[in-house]
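This report concerns only the one structure given below.
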Amino acid sequence: MIRRRITPFYYFSTLPLSATPSNQQLHPSQIFKCNETIMRLAKLGRVRDARQVFDSIPQKDSVTWNSMISGYIQNGFLKEANSLFNAFEGKNVRSWTIMLTGYFKYGLINEARMVFESMPERNIVSWNALVSGYVQNGDLRKAREVFDDMPERNVTSWNSLMTGYCRCGMMKEARETFDRMEEGLKNSVSWMVIISGYVEVKEYREAWGVFLMMLRTGTRPSQALLVVGLSAVSGLNDLDLVLSLRTIAVKLGLEEDVVVGTAVLNAYTKNGGAYEAVKFFELMPEKNEYSWTTMIAALSHWGKLDDAVALYERYGENDVAVQTTMMSVYAQKGDVFEARRTFDEILNPNVIAWNAMISGYAQNGMLEEAKEMFFRMPVRNAVSWAAIISGFVQNGSNKGALDLFAELLRTGSVPNYWGFTSALLACANDGDIESGRQIHSLTIKAGAQNNSFVGNGLISMYAKCKKMEDVSQVFNTMRMRDTVSWNSVISGFLENCMLDDAEDIFKKMPKRDVVSWTSIISAYVQAGQGETALKIFLDMLIVGIKPNELTFTSLLSACANLAAVKLGQQCHAWIFKYGFSSCLCVCNSLITMYSKCGSIDGLHVFEDMPERDIVTWNAVLTGCAQNGLGKEAVEVFEEMEAAGVPPNEISFLGVLGACTHAGLVEKGRAYFNSMTQDHGINPSIYHYTCMVNLLGSAGLLSEAEALIENMPVEPDSVIWGALLAACKLHRDMEIEQRVAERLLKMGHKDMGLTS
DNA sequence: ATAGGGTTAG
């Protein structure tokens, strides 16, 4: 919102207005200046001031009238625009065209069409405005109809139609239109529309192909085209291409240009060129808020949160985009108060900033605060809905999410597809088929059922509720079926243990992506068919799909279960090749795989890791313990504590097992006691079983028996079995007798074989 | 008066 102020004198200082009686003649150049003032004021949102100038002009020309009408339209005053239009006796084609675009701008398609029909004369610009109006309102059929009916067409007509196809993701039609254009007719906008259209639908190869085509025609790329080319390259994962575009930029004298520079920076960050990006950023001769935002956001995406903070402190200025990025950095660090402080520093927070704050709270489990912000924010959009509802879903409060969804319905708002998708996710998680069906019918009422996101949400919801007939029904009637839809059906079948059906769909789908391949691979891993999983993985490499971290995690778990260390090593090589050797979860799986295969190579992985989490430490710890390296495991545990990583339940299971192997009874006791005392973790039955093993193997059988008798959890057959085995080992007939009786009572006759 | 262009929230 732009606040209206009293018009300062200097706006009129060039005009003789205040001193001039309104009937005095103005020189044409003075009228020209007045007209300019009207346009400038309208652009600033100061329509009333513009109107004052308008009224004070004694002889208005057609530009004066048209500027004022257009000024009203720009600021949403359609009624005023219309009455001025009606009052204007000398209206010309331009006046009519302004009204036409005005009605289209606010979605009043019928009114716009009526203006067009009543026009006394039309030129090519009015026809183009009609095409573009339909395009902007998403009515491609009408746009095409008008385009075909036009008496003549120029480059703008063609570009408008193409823009329409691109906005609807109809790239085939867009390309046909582009190819139908005469070579000489194409201008830089035509190239831009088609290239950015491909980028929009993530068809970066195609986008880059067209860019190269353009270079071959000898077209000299403008600054904007270079930027679009860079955005195409940013999806291709090829740093050499970035370099080649930089070379072109140098040739065009645009290498120092901030906008081009920021696009280069962005391309580096999106292509995994972390080193290049940082170097380029530091050497940029001019940086603006866009450059800083891009660099900080990239650091944040790479998980280098502290570097992001450091860079922000270097920036030292206030800019909404930079601050918004920082809010999400702080939220990711778990420092939600710093995020809030940053938000409070923003002078005029926009929707994006509000949304960042909402999801920041939601990410940190502060749902009440998120909700408070949500209801307090001045303008809500699609993301606000998604943020708050999915915040509730992520915090396990599916009911809360659905209540919120209902509350939003009560406010009379019609949810958009993001709102629907989040609500459907809540139903899916909750297995709430009733609400799911209700939302399904709401999507149809709202005309959102053809949206691919909504459709995919419906598929997942029905799949989670085990309603596979409904899954098929939704899938078969979907208009916009994308790879995600196919993938959702596959994972639906897999969740319902229908591996054959899943494979059937996998074979039928037109375009398989990483997710499709990975889900089918992990399905075979989970079904215990590691060899098949590996075979499918090889097929995936052959067809040229780049695996992701999840693919490798699944694969490694297959290797681990097969104890196939050779294959595991082969995976390790692939992981290097595809650049996942620093990925936390992949490294964690590698460690687990090596230790389950009885190899110590996991320790090398561990040593080279740039960052470690609790899972990493536990993997090494239990790996050592399971491979008989009891002493080493204890060392790892101590190292972990020294590194400031608080141990969890699993760490204690590992270290207690290690103590048993190494015969460290005292140490084991101390760790067991520190669990509750120092870490506030209540020992589970498994921890007690570890203790029984520890005491039992040391021959402290009565102490072990007492421990079982006095523990706060119900003993099971496993823990008694452990004690029984220890009794047999140490030939303690008395306790063995008692334990055997206990086991017999529990209905287990031969527990001596366990443990 | 009609067509296009770098960053940020999920």
Side-chain angles (χ1 to χ4, degrees), chain A residues 62-63 66-67 69-70 73 92-102 104 123-133 135-136 153-164 166 187-197 199 221-231 234 257-267 269 287-298 300 319-329 331 343 346 349-360 362-363 381-391 393-394 418-419 421-422 453:
Chain A
S62 64
V63 179
N66 285 344
S67 304
I69 295 171
S70 152
I73 285 175
N92 56 17
V93 204
R94 288 190 185 212
S95 332
W96 286 91
T97 310
I98 292 170
M99 278 317 289
L100 173 71
T101 9
F104 268 129
N123 61 14
I124 192 160
V125 178
S126 3
W127 279 98
N128 284 343
L130 189 64
V131 175
S132 160
V135 161
Q136 269 161 26
R153 285 171 278 271
N154 64 10
V155 62
T156 302
S157 334
W158 287 88
N159 289 348
S160 299
L161 184 67
M162 238 169 30
T163 304
C166 289
N187 65 10
S188 69
V189 177
S190 326
W191 292 102
M192 190 122 56
V193 170
I194 190 78
I195 296 172
S196 64
V199 171
S222 61
Q223 180 221 40
L225 265 168
L226 208 55
V227 168
V228 174
L230 280 159
S231 71
S234 69
D257 185 276
V258 210
V259 178
V260 173
T262 307
V264 170
L265 180 66
N266 183 50
T269 65
K287 305 177 182 60
N288 64 12
E289 60 273 26
Y290 285 81
S291 336
W292 286 91
T293 311
T294 307
M295 192 68 253
I296 295 176
S300 151
D319 175 79
V320 210
V322 180
Q323 285 164 313
T324 305
T325 308
M326 282 316 292
M327 285 165 60
S328 87
V329 169
F343 177 78
I346 300 173
N350 55 19
V351 209
I352 301 181
W354 280 92
N355 289 345
M357 197 60 242
I358 291 173
S359 43
Q363 273 168 34
N381 70 4
V383 182
S384 331
W385 293 65
I388 188 75
I389 297 179
S390 76
V393 176
Q394 274 159 26
W418 281 104
T421 313
S422 304
F453 288 89

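Just so we're on the same page: letters track the sequence lines, and every chain starts at 1.
- Interface remark: the A/Asn123 side chain does form a donor-acceptor pair with the B/dA1 base, using a distance-only criterion of under 3.5 Å.
- Here the side chains of A/Thr101 and A/Ile73 are not in contact, with every heavy-atom distance at 4.5 Å or above.
- Contacts of A/Ser222 classified as side-chain contact (heavy atoms from CB on, under 4.5 Å), with partners at least two apart in sequence or in another chain: A/Ala224, A/Leu225.
- Remark: side-chain polar atoms of A/Ser300 are not paired, donor with acceptor, to backbone N or O of A/Ile296 under 3.5 angstrom.
- Side-chain contact between A/Val131 and A/Ser157: absent, with no pair of heavy atoms (C-beta onward) separated by less than 4.5 Å.
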query: Using a cut-off of 4.0 Å between protein heavy atoms and nucleotide atoms, how would you tag nucleotides 3-10 of chain B 5' to 3' with B, S and -?
result: BBBBBBBB
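- Considering only residues two or more places apart in sequence or on other chains, A/Ser390 meets the side-chain contact (heavy atoms from CB on, under 4.5 Å) condition with A/Gln394, A/Ser422.
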